[in-house]
A.B. asks: 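The structure that follows is given in the form of structure tokens.
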Amino acid sequence: MGYVLGIDLGTSSLKGIVMNKLGDVVTEASSAYEIDSRAPGFSEQHPEDWKKACEEVLAQLSVEVPNFGTELEAISFSGQMHSLVVLDEAFTPAYPAILWNDVRTTKQCQEITERFGEQILEITKNRVLEGFTLPKILWLQENEAETWNKVRHIMLPKDYLAFVLTGELHTEYSDAAGTLLFDVEKAEWSEAILNEFGIDRDFLPPVGSSLEQVGIVKKSYRARFGLKQAVKVYAGGADNACAAFGAGLVNDEEALVSLGTSGVFSSFEQGLSNYQGKLHFFNHVLPGANYSMGVTLAAGSSLNWFKKAFGKGKSFEELLRDVQFVAPGSEGLLFTPYIVGERTPHFDSRIRGSFIGIDARHELKHFARAVLEGITFSLKDSQVLMEQAKSERFQRIISVGGGAKNSDWMQIQADVFHAEMVRLEVEQGPGVGACMIAALGCGWFDSPEACRKVFVHYKEERFIPNPENVARYAQFYSIYREIYPATKGVSQELLKML
């Protein structure tokens, strides 16, 4: 039959998913690891823990999957973006990996912006933020000079795993685009940025397509896990790009909304769009393509906070059970999900959330629906930017994550986004995208569309916009957009009081 293996190196665990040529999930395995927060703002992991987790997953799969040793044809990766991995001349990690959610680099972000801000935006198509890789490199240069002097290789997490399995150094466009070191338009490392910040070009790996074969599994691993043939290893991609591909986003007529702890609204981009830093813009895992991405920092976490604060003892099903009986707009109650600041389109760490329009008639069900609507309005901010750039409206949006599990929320999304909403039969996350990259790489399919038809399946139920609700939500969304400028100053003054 033939198998491919997608390895997803996440923030809390490494997951491996095995799929066959029919697009079936044969089995999956995972291994967890810890985040080290040894100082305020620090978020680190040890690359050796990723290596150990990968070996544990391979060992488990080699036992559980029939004919794993003879049928595994290819491996590819999905990985957490932006995190910095540095190796010395012996290819040993010289420092713990500084993760994407590490926020120690505010000073370095200010320095980069002051020295090179406009050019950074022009070259990388992204604003300077703590999550990106370049500020982490500067922090290492300024605070760990002895360590920096030992560094000979700079890479991203999934590429470290590919190196472990193959002995080859390599990265690809989608992950490189999230470093602030990469020229997105030219699809190459930026000499201007490297020269400005004293980074040796030889420290960076060669960069190519996500579908490019970067090596084969080393003999020692093949013997250890009973692999009887030369298993090809393909470059893979950044987790958000793999998640989009794994959900079937392969054209610019559709979009993807993902509602996890944070919320992401993604769009496939055939060419270059100038969002002037209001959205993230990266190279895609698909050849010649890009994708744009807007982020709501507190999407699912806003709902979790609301449940913890106002729905103690209730399940999410109980908490949201009665929202269906509340009219769109929650009877004049609006919620802004800025409880930890906001990313798109405001990039404001000091804004804070609010309920606006509280009335004596409002009950728990009104607040619950307002939270769902407010999260969706926040993601619509990204949708509006994308549709304005494209001069056309998305006809269909794929919903994944927590927002796809609740039918009432799915209808809210259909009405707010004014688009047909669909959801996956089974969600497996970015690992499916990694499997699809491996399948394309080793020639199972001749196009991404052909691969999507076999690997991606949607539920038959569709959520169609209700014209009356669409019109009603358009009015409320217009008022929602007035809340940020009205509360920005108040939020800043309140933070000063803490």
Side-chain angles (χ1 to χ4, degrees), residues 118 120-129 177 184-185 240-241 244 247 249-259 262-284 286 288-297 299 328 334 336-338 342-348 351 373-399 403 412-422 463-467 469-486 488:
E118 289 304 314
I120 284 278
L121 179 57
E122 181 181 346
I123 294 168
T124 70
K125 314 302 180 191
N126 288 285
R127 292 173 179 259
V128 180
L129 298 171
V184 168
E185 184 172 3
N240 280 304
L249 186 63
V250 297
N251 63 67
D252 57 9
E253 296 177 356
E254 299 176 328
L256 172 73
V257 61
S258 175
L259 285 155
S262 61
V264 175
F265 196 101
S266 302
S267 170
F268 186 94
E269 305 269 357
Q270 283 288 2
L272 288 171
S273 295
N274 184 11
Y275 292 111
Q276 300 178 324
K278 294 180 180 179
L279 293 168
H280 297 305
F281 191 86
F282 302 120
N283 302 85
H284 210 332
L286 300 180
N290 304 304
Y291 71 101
S292 54
M293 187 177 81
V295 178
T296 292
L297 288 179
L334 289 173
T336 59
Y338 308 148
E342 187 57 310
R343 180 73 60 82
T344 307
H346 306 300
F347 289 88
D348 188 344
I351 189 67
E373 292 174 338
I375 295 167
T376 311
F377 283 148
S378 176
L379 289 162
K380 187 174 180 66
D381 284 340
S382 298
Q383 178 195 12
V384 168
L385 289 170
M386 294 173 189
E387 291 183 338
Q388 287 175 343
K390 296 174 183 292
S391 298
E392 59 184 52
R393 189 166 57 82
F394 296 118
Q395 299 301 312
R396 189 170 85 151
I397 298 175
I398 306 158
S399 186
I412 290 171
Q413 292 174 66
D415 295 335
V416 171
F417 297 141
H418 193 190
E420 176 186 303
M421 301 297 301
V422 298
F463 294 84
I464 307 299
N466 178 309
N469 293 348
V470 169
R472 188 72 170 152
Y473 274 131
Q475 294 175 315
F476 279 108
Y477 176 63
S478 179
I479 299 170
Y480 170 89
R481 297 184 73 175
E482 297 178 21
I483 298 175
Y484 172 78
K488 178 180 178 180

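Numbers here simply count residues along the sequence, with the first being 1.
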A.B. asks: Taking all non-hydrogen atoms of both residues, which atom of Ala299 and which atom of Ile375 are closest, and how far apart?
C.D. replies: O-CD1, 3.1 Å
A.B. asks: Go through the steps for Met421 and Val416 under the test side chain to side chain contact (heavy atoms under 4.5 Å, CB included), then give the verdict.
C.D. replies: CA-CA 11 Å; Met421 301 297 301; Val416 171; over 6 Å; no
A.B. asks: Angle between ring planes, Phe268 versus His284, binned at 30° and 60°: parallel, tilted or perpendicular?
C.D. replies: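 Phe268 vs His284 ring planes: tilted.
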A.B. asks: Within the distance-only criterion (no hydrogens, no angle test), does the side chain of Glu373 pair as donor or acceptor with the backbone N or O of Ile412 below 3.5 angstrom?
C.D. replies: no
A.B. asks: Can you name the closest pair of heavy atoms from Val470 and Pro465 and give their distance?
C.D. replies: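 Reported closest heavy-atom pair: CG2-CB, 3.7 Å.
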A.B. asks: Look only at the side chain of Asn283 and the backbone of Ala177, and say whether a donor-acceptor pair between them is shorter than 3.5 Å.
C.D. replies: no
A.B. asks: Centres of the Tyr291 and Phe281 rings: under 6.0 Å?
C.D. replies: no
A.B. asks: Which pair of non-hydrogen atoms, one from Ala244 and one from Leu256, has the smallest distance, and what is that distance?
C.D. replies: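 Closest approach of Ala244 to Leu256: CA-CD2, 3.7 Å.
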A.B. asks: What is the minimum heavy-atom distance between Thr296 and Pro337, and which atoms define it?
C.D. replies: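 Residues Thr296 and Pro337, closest heavy atoms: CG2-CG, 4.3 Å.
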A.B. asks: Tell me whether Asn466 contacts the main-chain N or O of Asp415 through its side chain, where contact means a donor paired with an acceptor under 3.5 Å.
C.D. replies: no
A.B. asks: Any donor-acceptor pair under 3.5 Å linking the side-chain atoms of His280 with those of Arg127?
C.D. replies: no
A.B. asks: Any heavy-atom pair between the side chains of Leu334 and Phe476 that's under 4.5 Å?
C.D. replies: yes
A.B. asks: Of all the heavy-atom pairs spanning Met386 and Gly294, show the shortest one and how long it is.
C.D. replies: CE-N, 3.9 Å
A.B. asks: Taking it one step at a time, do Gln413 and Ser399 satisfy side chain to side chain donor-acceptor pair (under 3.5 Å)?
C.D. replies: CA-CA 9 Å; Gln413 292 174 66; Ser399 186; 3.0 Å; yes
A.B. asks: Mind checking whether Leu129 and Phe347 have side chains closer than 4.5 Å, heavy atoms only?
C.D. replies: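 The answer is yes; the side chains approach within 4.5 Å.
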A.B. asks: Just verifying a value: how many Å separate Asp381 CG and Thr344 OG1, rounded to the nearest 0.5 Å?
C.D. replies: 8.5 Å
A.B. asks: Quick one: pull up OG in Ser266 and CD1 in Ile398 and give me the separation to the nearest 0.5 Å.
C.D. replies: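 Nearest 0.5 Å value for the OG-CD1 distance: 10.0 Å.
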A.B. asks: Do the side chains of Met293 and Leu279 get nearer than 4.5 Å, heavy atoms only?
C.D. replies: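 Of all side-chain heavy-atom pairs linking Met293 with Leu279, none is under 4.5 Å.
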A.B. asks: Using the side chain to side chain contact (heavy atoms under 4.5 Å, CB included) rule, take Phe282 and Asn290 through it: C-alpha gap first, then chi angles, then the decisive distance, then the call.
C.D. replies: CA-CA 6 Å; Phe282 302 120; Asn290 304 304; over 6 Å; no
A.B. asks: For Arg343 and Val295, which heavy atoms make the closest approach, and how far apart are they?
C.D. replies: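 Between these two residues, the closest heavy atoms are CB-O, 3.3 Å.
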A.B. asks: What verdict does the side chain to side chain contact (heavy atoms under 4.5 Å, CB included) test give for Phe265 and Ile397, after you've listed the backbone C-alpha separation in whole Å, the side-chain angles of each residue and the deciding distance to 0.1 Å?
C.D. replies: CA-CA 10 Å; Phe265 196 101; Ile397 298 175; 3.9 Å; yes
A.B. asks: Nearest 0.5 Å, please: how far is CZ in Phe394 from NE2 in His418?
C.D. replies: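 Between atom NE2 of His418 and atom CZ of Phe394 there are 14.0 Å.
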A.B. asks: Any heavy-atom pair between the side chains of Lys390 and Glu269 that's under 4.5 Å?
C.D. replies: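 In contact.
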A.B. asks: Do the side chains of Ser378 and Tyr480 get nearer than 4.5 Å, heavy atoms only?
C.D. replies: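 Touching, per the 4.5 Å side-chain cut-off.
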A.B. asks: Distance from Tyr275 atom OH to Leu121 atom CG, nearest 0.5 Å?
C.D. replies: 14.0 Å
A.B. asks: Below 4.0 angstrom, N of the basic side chain to O of the carboxylate: do Arg393 and Glu387 qualify?
C.D. replies: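 No, this pair does not count.
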A.B. asks: Does any non-hydrogen side-chain atom of Leu379 lie less than 4.5 Å from one of Leu259?
C.D. replies: yes
A.B. asks: Side chains of Thr336 and Tyr484: closer than 4.5 Å at any heavy-atom pair?
C.D. replies: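 The answer is no, as the side chains (C-beta and beyond) never meet within the 4.5 Å cut-off.
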A.B. asks: Which value, rounded to the nearest 0.5 Å, describes the distance between Lys278 atom NZ and Asn126 atom CG?
C.D. replies: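 So the gap between those two atoms works out to 15.0 Å.
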A.B. asks: Going by the rule salt bridge (Lys or Arg N to Asp or Glu O under 4.0 Å), which residues pair with Glu342 if we only count those two or more places apart in sequence or in a different chain?
C.D. replies: none
A.B. asks: Does atom CZ (Arg396) have a neighbourhood of more than 12 heavy atoms from anything else shown, all under 6.0 Å?
C.D. replies: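 More than 12 heavy atoms, drawn from other residues, nucleotides or ligands, come within 6.0 Å of this atom.
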A.B. asks: Parallel, tilted or perpendicular for Tyr477 and Phe377, by the 30°/60° rule?
C.D. replies: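 Judged by the thresholds at 30° and 60°, the geometry between Tyr477 and Phe377 is tilted.
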A.B. asks: Heavy-atom distance under 4.5 Å between the side chains of Val257 and Val264, does that happen here?
C.D. replies: no
A.B. asks: Roughly how far apart are Leu272 CG and Lys125 NZ, rounded to 0.5 Å?
C.D. replies: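 Leu272 atom CG to Lys125 atom NZ measures 6.0 Å (nearest 0.5 Å).
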